[in-house]
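Whatever order the structure lists them in is the order used to number ligands and atoms, beginning at 1.
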Amino acid sequence: MAKAGGVLKDVVKTVNECLAEAPRFGLKSPKMALGTTEVLEAISRCNSLGGPAGRFWTLDPVDGTLGFVRGDQYAIALALIEDGEVVLGVLGCPNYPMRKEWLNYHHRYHRIISKLTPPTSESWDKGCVIYARRGSGEAWMQPLLHVNKNLVWPNSAKPVRVSSIDNPALATFCEPVEKANSSHSFTAGLAHSVGLRKQPLRVYSMVKYAAIARGDAEIFMKFARAGYKEKIWDHAAGVVIIQEAGGVVTDAGGRPLDFSKGIYLEGLDRGVVATAGANLHDKIIRAVDASWDSSSL
Ligand SMILES: Nc1ncnc2c1ncn2[C@@H]1O[C@H](COP(=O)(O)O)[C@@H](OP(=O)(O)O)[C@H]1O
Ligand SMILES: [Mg+2]
């Protein structure tokens with residue numbers, strides 16, 4: 001209980017700090033700081049069930065829970081949905097540094113190394129945040145902010161783009177670490193038939209979407225077991241970020257993910273396929289069709 005009280009105090013403090021910053025972004029902040037009850041009331045008003053009309057936020061506060069508890073990759077995913085379309089996506093990736101190399105190793109490994117050789121660069125071991133607005137044709141990345149540092153956009157932000165690799169032999173695909181969440185054997189078969197030669201990059205959470213948007217990998221595939229229903233908050237932010245960074249995201253039937261049907265991605269055809277470009281995407285979709293009937297999914 002004492003711990004929960006501490007968290008609540010921190011939440012109220014953070015909410016008020018953010019509200020105080022509002023005028024810098026052309027918004028009004030309240031005359032007085034909000035009290036605990038007001039913050040709790042505001043949180044309990046967050047009860048949208050989604051759907052085709054209106055405007056709501058969808059938040060996954062800790063996506064990739066297993067990655068989080070294992071000290072590995074996880075993400076904080078926030079998206080704004082308007083009339084069933086994702087219009088804004090933000091992915092906070094606290095264990096995914098600005099530079100690519102570190103994605104390939106277990107995060108704890110970097111923790112150990114950083115103790116042996118203290119980081120010299122500002123961005124070492126800090127994580128990043130990636131965001132995009134629908135229709136802007138741009139996705140941005142910056143280091144996670146440190147305490148007492150104000151965001152002065154775009155000072156520390158840089159645009160990100162998907163990879164230009166469209167040759168399967170040179171492409172890397174990522175997928176969930178947990179084979180309970182996506183069939184590793186089915187994707188291995190797809191990889192073989194498409195001519196992907198590299199080992200899959202297995203990463204927890206929506207950091208996989210961030211990796212595609214940043215150009216650190218070319219393909220993300222997820223094929224959950226039959227009957228599992230994907231939730232909108234596990235995909236919304238990642239989808240808009242990849243699309244604005246120049247990539248393609250659809251279900252395995254080549255159709256866009258439908259965020260207008262409530263909290264689930266209703267009607268999702270078999271799985272999710274995100275790629276850096278159309279060529280890789282076509283190849284994967286065709287390979288799924290060719291091998292689906294003989295799969296046990
Ligand atoms: N049986 C299942 N099949 C597919 N996805 C699942 C699943 N059980 C949970 N998930 C989803 O997979 C997400 C983790 O993705 P990944 O495996 O890529 O790290 C989980 O997010 P949370 O960790 O936020 O619950 C959860 O939403
Ligand atoms: Mg999640």
Ligand-residue contact atoms, ligand 1 with A180, heavy atoms, under 4.0 Å: 1 (N), 2 (C), 3 (N)
D234 and D63, any side-chain heavy atoms less than 4.5 Å apart: yes
Checking E175 against S182: is there a side-chain donor and acceptor pair closer than 3.5 Å? no
Within-cut-off N or O pair, L66 and ligand 1, under 3.5 Å: no
Do Y204 and Y74 have their ring centres less than 6.0 Å from each other? no
Could you check which of K222, Q73, E175, E178 puts a non-hydrogen atom nearest to atom 5 (N) of ligand 1? K222
Nearest to the Mg ion (ligand 2) - the N/O/S atom of D234, by atom name: OD1
Going by the order shown, which atoms of ligand 1 are within less than 4.0 Å of some heavy atom of V62? 24 (O)
Should you measure from each heavy atom of K208, which atoms of ligand 1 turn up under 4.0 Å away? 16 (P), 18 (O), 19 (O)
Of the protein's non-hydrogen atoms, which lies at the shortest distance from atom 27 (O) of ligand 1, and what is that distance? D234 OD2, 2.5 Å
Walk me through it: do Q73 and S205 pass the test side chain to side chain donor-acceptor pair (under 3.5 Å)? CA-CA 7 Å; Q73 295 301 333; S205 82; 5.9 Å; no
Non-hydrogen side-chain atoms of D72 and N95 separated by less than 4.5 Å: no
List every atom of ligand 1 that sits less than 4.0 Å from any heavy atom of S205, numbering the atoms from 1 in the order shown and giving each element. 16 (P), 18 (O), 19 (O)
Is there side-chain contact between L8 and L40, with heavy atoms separated by less than 4.5 Å? yes
Is the closest side-chain heavy-atom distance between L196 and I219 below 4.5 Å? yes
Using heavy-atom distances only, which candidate in V203, D60, N181, D63 approaches atom 7 (C) of ligand 1 most closely? N181
Could you list which atoms of ligand 1 come closer than 4.0 Å to a heavy atom of A224? 3 (N), 4 (C)
Atom indices of ligand 1, in the order listed, that fall short of 4.0 Å to a heavy atom of T65: 22 (P), 23 (O), 24 (O), 25 (O)
With the Mg ion (ligand 2) at the center, what angle do OD2 from D60 and OD1 from D63 span, rounded to 10 degrees? 100°
Polar atom proximity, K231 to ligand 1 (N or O, under 3.5 Å): no
Does an N or O anywhere in E230 fall below 3.5 Å from an N or O of ligand 1? no
Carboxylate-amine/guanidinium contact R70 E178, below 4.0 Å: yes
Residues F259, L265; criterion side-chain contact (heavy atoms from CB on, under 4.5 Å); working and verdict: CA-CA 6 Å; F259 291 94; L265 291 176; 3.6 Å; yes
Heavy-atom proximity to atom 26 (C) of ligand 1, picking from F68, Y228, F220, Y74, points to Y228
Candidate pair W140 and E138, rule side chain to side chain donor-acceptor pair (under 3.5 Å), full reasoning: CA-CA 7 Å; W140 294 83; E138 293 168 340; 3.3 Å; yes
